Amino acid sequence: FDNQYQWFYQGGNGWWQYDDRTSQEIEARHKNGEKVFELLIAGFLYIIDLENMIQVRRNDRSRKRKIRRDLISLPGVKGVAGLKYP
Ligand code: V3L
């Protein structure tokens, strides 16, 4: 896992980094060529769609967020998985 790159999901204004375990899981599946798969994140099943670069809650498709793969130094990152950077 090239940790210069991380996975991020859209917040209110800016981006949140995925928690390490989830980020590594998405990266592994991305490297494996998988396009659409489900992950349990913070107690909910989300569909990760790497074709459209979104995550969407499986039982409520209106809960949709953009996602991106970018350098860990991406500006405007709010924190990790809801935990704000000081
Ligand atoms: N990892 C962790 N928590 C998540 C994720 C994820 N990939 N996706 C959703 N949640 P929804 P601001 C986010 C949380 O999409 O101030 C942030 O992490 C989500 O948390 O409707 O708007 C912050 O904690 C939300 O609490 O399923 O930028 C919080 O929003 C809940 O699941 C506020 O961020 C429902 O999200």
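None of the values given here were measured: they were computed from a predicted structure. Whatever order the structure lists ligands and atoms in, that order sets their numbers, starting from 1. Position 1 is the first residue of the sequence; numbering continues from there.
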| request: Kindly check if the number of other-residue, nucleotide or ligand heavy atoms within 6.0 Å of CZ (Arg58) is above 12? | output: no
| field | Option nearest atom 25 (C) of ligand 1 (shortest heavy-atom distance, choices Arg65, Gln55, Lys78) | value | Arg65
| task | Would you verify that at least one protein heavy atom lies under 4.0 Å from atom 29 (C) of ligand 1, or report that none does? | result | no
| request: Could you find the nearest protein heavy atom to atom 21 (O) of ligand 1 and give me its residue, atom name and distance? | output: Arg63 NH1, 2.7 Å
| query | At what distance is the nearest protein heavy atom to atom 35 (C) of ligand 1, and which residue and atom is it? | reply | Arg57 NH2, 3.6 Å
| field | Closest protein heavy atom (residue, atom, distance) for atom 24 (O) of ligand 1 | value | Gly82 CA, 3.3 Å
| said: I need the single residue from Trp7, Tyr18, Tyr9 that forms a side-chain hydrogen bond (donor to acceptor under 3.5 Å, both in side chains) with Gln55. Which is it? | reply: Tyr18
| task | Find all atoms of ligand 1 within a distance of less than 4.0 Å from any non-hydrogen atom belonging to Gly12, and give their numbers and elements. | result | 12 (P), 22 (O), 28 (O)
| field | Between CD1 on residue Ile72 and CD on residue Gln4, distance to nearest 0.5 Å | value | 9.0 Å
| Option nearest atom 3 (N) of ligand 1 (shortest heavy-atom distance, choices Phe44, Tyr18, Tyr46, Tyr9) | Tyr9
| remark: Counting from 1 in the order shown, the ligand 1 atoms closer than 4.0 Å to a non-hydrogen atom of Gly11 are 28 (O)
| field | Distance (rounded to the nearest 0.5 Å) between Ile54 CD1 and Arg65 CZ | value | 12.5 Å
| For atom 34 (O) of ligand 1, which protein heavy atom lies nearest, and how many Å away is it? | Trp16 NE1, 3.3 Å
| said: Pairs of nitrogen or oxygen atoms closer than 3.5 Å, one from Ala42 and one from ligand 1: do any exist? | reply: no
| field | Minimum heavy-atom distance between Met53 and Arg69, given as atom pair plus value | value | CE-N, 3.8 Å
| said: Are more than 12 heavy atoms, taken from residues, nucleotides or ligands other than Lys64, located less than 6.0 Å from that residue's NZ atom? | reply: no
| query | So which heavy atom on Trp16 is nearest to which on Val80, and how close? | reply | CE3-N, 3.9 Å
